[in-house]
Asks: 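What follows is a single structure, and I will ask about it in a moment.
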Amino acid sequence: MNEHPDTDLLLIRRPQDGTPVGTVPVDGIDQVRAAVARVRKAQPGWASLDPSDRVRHLSGLRALLAARSQEIADRIVAETGKPEVEALIEVASVVRLCRYYERRAPRLLRSRRVSRGWLLWKRPRIQHEPYGVVAVIGPWNYPFILTAEVTLTALFAGNGVVLKPSERTPFTGAVLSELLGHTDIPEGLVQVIQGGADTGEALVAAGVDRVHFTGSPAVARKVLAGAAPRLLPVSLELGGKDPALVRSDADLDRAARGIAFGAFFNAGQTCLATERVFVEEPVYEDFLRRLTRVTSELRAGSGGEVDVGPLTTPEQLGTVEAHLDDALERGARVLCGGRRVDPASNVFLPTILADVNDRMRIMREETFGPLLPVMAVADMDEAVARANAHPMGLFASVWTSDAEVGRDLARRLRCGGVSVNDTLSHWAIPGLPVGGRGESGYSRVRGDEGLLAFSRSRVLLETGPTPSREPWWFPYRPWSRRLVRATLAWDGERGIRRLSRALGALFGRGET
Ligand code: NAD
């Protein structure tokens, strides 16, 4: 029964068979503001704790997540339809990042001394302070990772969080805050609000101190516009059209397996999915044969032991089919897949497309589904140029047996990171920051950078026992100029000349 008769409800259905998972009331402006107010009240106490005390307060969480992993995975599977193993990977990812920040947060967030140079009577320090109330807005494709990891990162840094999960995955989005209830963090520090665009918009406008958005570039622009009146800091983790570059000297079997994994994990609904493959002409047909063989062996379905599950939303299925139709009209060749498992199903077979060109939507727009276009290129220069021509730049992979060439190609690709002879595995290493450039957004999550992004650095400059004035204060005297000249010499010169020039400027004759 609807306990909130005056509010809208989100009705969530299993992508596997359309049966209902449950309903969730949508939060309106008043509820959003109330949630922000609750966090606002709880956060100062949390911020005042030493980072290592925050770690202690959160210390039971990892064990709890591990113990409840099956229950969490079941929720993820119910809302997204992904294979259970991929849902468990989401939980494992959160636990691993949590462990990393438990170790790193006290060290990274500690106040630290900075060199004072010749200002020997100064004591300069950098401190880190949290933003305050952080709004986290998440997508549906990794509904646990992309809500829980960011929320935890913000908490380790001393913030409170109002989280709005995707309207497609509200139950998974609420898991972390439920489990945090079993830790001894201050009551009210994390709030979950539910709803779609209107709720998200209300959250950005509700007086929060920072916004973290994961989603599409189109919505990111709206979030930025909503944040502009208050000049709110916004971090953006957006989509990708990740390229894979296959050089003639690559281990083609490994490349085929790795690229199939990168393209079809989570049915391709991954921001870091491989969505374009550029293969050197001499090995193009050979590579296509191997990739097609590997892809044809994948088990697609909506239950049991499968490798590729259903598309999570009907809209996503629509996009996949529209991109395929457009590619076929413009002359692409389907090597395997190319259809739903059966006409009534939302499971789309993993599909390899050859003879693709730049006019096709599949080469220009994020597909976010199990279609993989493969293009022949004359050489790696052409591959790099084509890879970099796309406005998105999240991640990329390079396949070659020459380590030096791999490093060089990686350096030339415009994106947030490159794997050589691998895809997606960087996510298993929590010390690596993730983020992109261009239409993929500009922020970083995970790693040390990801944690520091949730705190502001600020300065504390103390002055030891000194004479009654600093040498550069008013009134200016003739030696004020000498002092500036000495500084210029000290900072501008090298080696032994540095000292002699500085002393000359300070005490030399003829200088004033
Ligand atoms: P989306 O942009 O449609 O929605 C993302 C979130 O924004 C949802 O919670 C939605 O309710 C909310 N929203 C919608 N309109 C809003 C508004 N006007 N103001 C505030 N919030 C609003 O994205 P999606 O379909 O949920 O997710 C898929 C997209 O996310 C893909 O483009 C994918 O590549 C990207 N993504 C990026 C990363 C990354 O880390 N870079 C990770 C996963 C997904």
Side-chain angles (χ1 to χ4, degrees), residues 10 24 26-27 29 32 79-80 82 90 93 97 135-150 153 162-170 172-174 192-206 208 211-228 232 234-242 265-275 311-319 365-369 390-395 415-417 424 426-427 432-447 450 453:
L10 302 172
V24 178
V26 169
D27 287 308
I29 291 183
V32 171
E79 287 188 301
T80 63
K82 66 178 68 180
E90 287 209 46
S93 167
L97 187 75
V136 176
I137 301 177
W140 49 263
N141 59 333
Y142 290 92
F144 192 55
I145 287 181
L146 295 171
T147 53
E149 289 197 358
V150 183
T153 309
V162 182
L163 163 66
K164 194 204 81 62
S166 167
E167 61 273 35
R168 307 270 177 195
T169 51
T172 308
V192 178
I193 53 164
Q194 302 285 8
D198 290 347
T199 310
E201 243 172 71
L203 176 57
V204 173
V208 297
V211 179
H212 181 87
F213 173 81
T214 311
S216 59
V219 175
R221 291 188 168 84
K222 294 184 189 166
V223 170
L224 283 178
L232 278 183
V234 179
S235 41
L236 299 178
E237 291 292 331
L238 312 179
K241 192 78 192 162
D242 291 2
F265 187 79
N266 198 23
Q269 301 164 114
T270 302
C271 54
L272 298 158
T274 302
E275 290 220 359
L311 275 312
T312 297
T313 71
E315 292 82 3
Q316 218 36 67
L317 184 59
T319 305
E365 300 169 27
E366 187 182 32
T367 306
F368 223 51
H390 199 276
M392 284 173 159
L394 196 51
F395 218 80
C415 55
L424 299 183
H426 61 285
W427 199 272
L432 292 176
V434 175
R437 52 194 283 178
E439 292 267 316
S440 293
Y442 45 72
S443 53
R444 295 292 179 269
V445 288
R446 317 189 101 228

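When a ligand or atom number is given, it counts from 1 through the structure's own listing order.
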Asks: Distances only, to 0.1 Å: what are the N or O pairs between ligand 1 and the protein that fall under 3.5 Å?
Replies:
unit_1	atom_1	unit_2	atom_2	d
ligand 1	2 (O)	Ser216	N	2.8
ligand 1	2 (O)	Ser216	OG	2.6
ligand 1	9 (O)	Gly138	O	2.7
ligand 1	9 (O)	Lys164	NZ	2.9
ligand 1	11 (O)	Lys164	NZ	2.9
ligand 1	11 (O)	Glu167	OE1	2.6
ligand 1	18 (N)	Glu201	OE2	3.4
ligand 1	25 (O)	Trp140	NE1	2.9
ligand 1	26 (O)	Trp140	NE1	3.4
ligand 1	30 (O)	Gly215	O	3.4
ligand 1	32 (O)	Glu366	OE1	2.7
ligand 1	34 (O)	Glu366	OE2	2.5
ligand 1	41 (N)	Leu238	N	3.3
ligand 1	41 (N)	Leu238	O	2.6

Asks: Closest heavy-atom contact between Gly435 and Glu237?
Replies: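 Closest heavy-atom pair between Gly435 and Glu237: CA-OE1, 3.6 Å.
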Asks: Taking all non-hydrogen atoms of both residues, which atom of Ala206 and which atom of Val32 are closest, and how far apart?
Replies: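 It is CB-CG1, 3.9 Å.
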Asks: Is NZ or CZ of Lys82 both nearer than 6.0 Å to the six-membered ring centre of Tyr142 and within 45° of the ring axis?
Replies: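 Pair Lys82/Tyr142 counts as cation-pi.
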Asks: Give the minimum heavy-atom separation between Leu272 and Trp427, together with the two atoms involved.
Replies: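 That would be CD1-CE3, 3.8 Å.
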Asks: Among residues at least two apart in sequence or on other chains, which ones pass salt bridge (Lys or Arg N to Asp or Glu O under 4.0 Å) with Arg221?
Replies: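 So Arg221 forms a salt bridge (Lys or Arg N to Asp or Glu O under 4.0 Å) with Glu439.
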Asks: Name the residue from Thr312, Thr172, Thr169 that meets the side chain to side chain donor-acceptor pair (under 3.5 Å) definition with Glu79.
Replies: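 Going through the options one by one, the only one that passes is Thr172.
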